[in-house]
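To start, the structure itself, in structure tokens.
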Amino acid sequence: MKQTTSSTIFPAPPDGAADALLSWFSENKRDLPFRRPGETTRADPYRVWISEIMAQQTQIDTLIPYFERFIAVFPTLKDLAEASEEAVLKLWEGLGYYSRARNLRKAAIQIQALGDFPDTAKALAKLPGIGPYTAGAVASLAFNQKAAAVDGNVLRVVSRLMDSPADTALPAVRKAISAWLLTWMPEDRPGDFNEALMELGALVCTPKSPSCLICPWRDVCLALKNGTIGERPVKSKRMKHRTEKIAAAIVTDAAGRLLIHRRPSNGLLAGLWELPNVTNSKESAAALKRYLESVLDTTVSDPVFIKNGRHVFTHITWQIAVYQLPLHSSATLKSRDWVFADRDDLKTRYPLPTAFSKLLA
DNA sequence: AAACCGGGGCG
DNA sequence: CGCCCAGGTTT
């Protein structure tokens, strides 16, 4: 008997949907560096984990070079657990959401202490940086455990298959879809099933202009049948935006080294390095000069305006005025959060967010 | 439940 | 250039 305790938000999936999906996947799956078989597992859990954390914020094609570099520097869990935070951040430079890099290292240390890589969604979810999605993804893709892994791709694919008007921004809807997927996930192939759902979302059931004509579900998809593909999935959340004016300084010493500052260990771009700057000041050039004089404990020349820049985050737009201040007298730096960095160290050592690195280009 | 956390791709 | 994309943590 099937589903005596059904009560999920959807009725049973269309007949043959699982078989059609798995057949399509076996013929169309991409050969990706984190999908090669593990020694004793479906895939290497360390690689799956790293790739899933990276995939949370980046499309696969963009992520691959980062992944390859990361694995080259930290080939094993042990290498990552023994790395410095700054070394991990440097490899993460340009990917954004830097707390994920810090959590990656913390979790590596915890897994080392455990001895074995956690192999259930429940155990994985205890690690920093691993929530419901990543826990399910690693458990199923690496260990073939029966667990849901509902990301944006899966929400879209499922919403369209069932022509669901449910708001996928709501945690309750995500939970309901997870529970529903478990009711028809093939017992012996959770990893293939989850990976196939995500691959379908990435290659065929894309957000805009999906390739419905070649979709394995073209005959059973309810949104396609009802002409509502463009309206699925339904998502409610919208966020506000604010603008900040930043005055940033390019300060070089007599040797041509660049003055940089480490940001605080919490908040936006935590722990990354930046050009010295002041925010939302009316007399920005004068404020910048005062700021630098207090930091360097010496008088500096008047800032010379160079150019304007602009950087857009999800919730903030920075309007950046860039000034130059060459130093001729020597300056004393008060803390390890201030450095004169030469060109080579800037490239290899200090993680600089895109907002600033593009100003120097 | 809502706010915070970044950068890249695309039309 | 405006618009879109996502999952985990913190408040």
Side-chain angles (χ1 to χ4, degrees), chain A residues 49-67 89 91-107 121 124-138 147-159 167-175 177-178 194 197-198 201-203 205-210 230-244 246 263-274 308-320 351-359 361:
Chain A
W49 171 47
I50 303 296
S51 68
E52 286 300 333
I53 298 293
M54 287 183 172
Q56 285 169 11
Q57 64 224 14
T58 314
Q59 298 205 320
I60 298 295
D61 289 341
T62 312
L63 156 176
I64 287 174
Y66 281 92
F67 179 81
L89 283 173
L91 276 170
W92 209 261
E93 185 181 76
L95 274 176
Y97 292 88
Y98 297 94
S99 67
R100 293 163 202 265
R102 278 187 292 276
N103 284 334
L104 213 48
R105 175 174 165 275
K106 281 187 211 159
L124 286 159
K126 295 186 195 304
L127 297 167
I130 299 191
Y133 165 73
T134 309
V138 176
V150 177
D151 69 353
N153 285 316
V154 176
L155 288 173
R156 184 173 60 254
V157 163
V158 166
S159 293
D167 181 357
T168 60
L170 299 176
V173 170
R174 296 168 181 240
K175 282 181 194 168
I177 288 178
S178 297
N194 285 339
L197 285 172
M198 293 187 266
L203 299 181
C205 193
T206 51
K208 276 175 276 188
S209 49
E231 301 163 34
R232 303 288 180 253
V234 173
K235 269 181 293 188
S236 66
K237 279 182 190 163
R238 274 305 125 203
M239 53 193 83
K240 296 176 191 167
H241 206 87
R242 67 177 188 272
T243 298
E244 290 183 351
I246 308 275
R263 295 176 62 88
S265 54
N266 49 43
L268 185 66
L269 302 170
L272 274 75
W273 295 79
E274 66 183 358
N308 283 312
R310 188 168 173 275
H311 186 78
V312 181
F313 301 103
T314 310
H315 53 307
I316 309 171
T317 294
W318 275 356
Q319 291 175 342
I320 310 172
L352 203 66
T354 300
F356 293 100
S357 61
K358 73 185 185 189
L359 294 177

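Order of the sequence lines fixes the chain letters, A, B, ..., with proteins taken first and strands second; residue numbering starts at 1 for each chain.
- Between A:N103 atom CG and B:dG6 atom P there is a gap of 12 Å when expressed in whole angstrom units.
- The distance between atom CD of A:E93 and atom P of B:dC5, rounded to the nearest whole Å, is 20 Å.
- Mapping A:G96 and A:L170 onto DNA chain B via the closest heavy atom, the residue that lands nearer the 5' end is A:L170.
- Comparing B:dG9 with C:dG8, their P atoms are spaced 23 Å from each other, to the whole Å.
- Rounded to the nearest Å, the gap between the P atom of C:dC3 and that of B:dG6 is 23 Å.
- When the C1' atom of C:dT9 is taken as reference, atom CD of A:Q56 falls 11 Å away, rounded to whole Å.
- Look at A:T134 and you'll find a side-chain N or O under 4.0 angstrom from OP1 or OP2 of C:dG8.
- Distance noted for atom P between B:dG8 and C:dT9: 23 Å (whole Å).
- Mapping A:S209 and A:G94 onto DNA chain B by nearest heavy atom places A:G94 at the nucleotide closer to the 5' end.
- Between A:I130 and A:E52 the shortest side-chain heavy-atom distance does not fall below 4.5 Å.
- Distance from the side chain of A:Q59 is smallest for B:dG9 among the nucleotides B:dG7, C:dC5, B:dG9.
- Nucleotide C:dA6 holds its C1' atom 16 Å from the CE atom of A:M54, rounded to whole Å.
- Each of C:dG7, B:dG8, C:dA6 was ranked by its minimum atom distance to the side chain of A:R156; first place goes to C:dA6.
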Any chance you could lay out the side-chain contact (heavy atoms from CB on, under 4.5 Å) test for A:Y97 and A:I53, step after step, and finish with the verdict?
CA-CA 10 Å; A:Y97 292 88; A:I53 298 293; over 6 Å; no
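- Counting to the nearest Å, the P atom of C:dT9 and the CD1 atom of A:I53 are 9 Å from each other.
- Closest contact between the side chain of A:F313 and the listed nucleotides C:dG7, B:dG8, B:dG6 involves B:dG6.
- Below 30°, between 30° and 60°, or above 60°: for A:F313 and A:H311 the angle between ring planes is above 60°, a perpendicular geometry.
- Of the side-chain N and O atoms in A:H315, one or more sit less than 4.0 angstrom from OP1 or OP2 of B:dC5.
- Side-chain atoms of A:S99 and A:R102, non-hydrogen and from C-beta on, do get closer than 4.5 Å to each other.
- Residue A:Y97 has its side chain nearest to B:dG6 when only B:dA1, C:dG8, B:dG6 are considered.
- As judged by a 4.0 angstrom heavy-atom cut-off over every strand, A:T62 is placed among residues touching the sugar-phosphate backbone only.
- Here B:dG8 presents its C1' atom at 15 Å from CD1 of A:I64, a figure rounded to the nearest Å.
- When distances run from any side-chain atom of A:Y98 to the nucleotides B:dG8, C:dG7, B:dG6, the shortest one goes to B:dG6.
- Taking atom CG of A:N153 as the reference point, atom C1' of C:dC4 lies 14 Å away to the nearest angstrom.
- The number of heavy atoms from other shown groups lying within 6.0 Å of CD (A:Q59) does not exceed 12.
- Considering only side-chain atoms of A:K208, the nucleotide from C:dC5, C:dG2, C:dC4 that sits closest is C:dC4.
- The nearest heavy atom of DNA chain C to A:I130 and to A:P207 marks one nucleotide each, and the one closer to the 5' end goes with A:P207.
- Comparing C:dA6, B:dG7, C:dG2 by their nearest atom to the side chain of A:R310 picks out C:dG2.
- One interatomic measurement links the two molecules: CG of A:L268 to P of B:dA3, which rounds to 17 Å at whole-angstrom precision.
- No hydrogens or angles were tested; on distance alone, a donor-acceptor pair under 3.5 Å links the side chain of A:R100 to the base of C:dG7.
- Nearest nucleotide to the A:Y133 side chain, out of B:dC5, C:dG8, B:dA1: C:dG8.
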Could you please spell out the steps behind the side-chain hydrogen bond (donor to acceptor under 3.5 Å, both in side chains) verdict for A:R100 and A:N103?
CA-CA 5 Å; A:R100 293 163 202 265; A:N103 284 334; over 6 Å; no
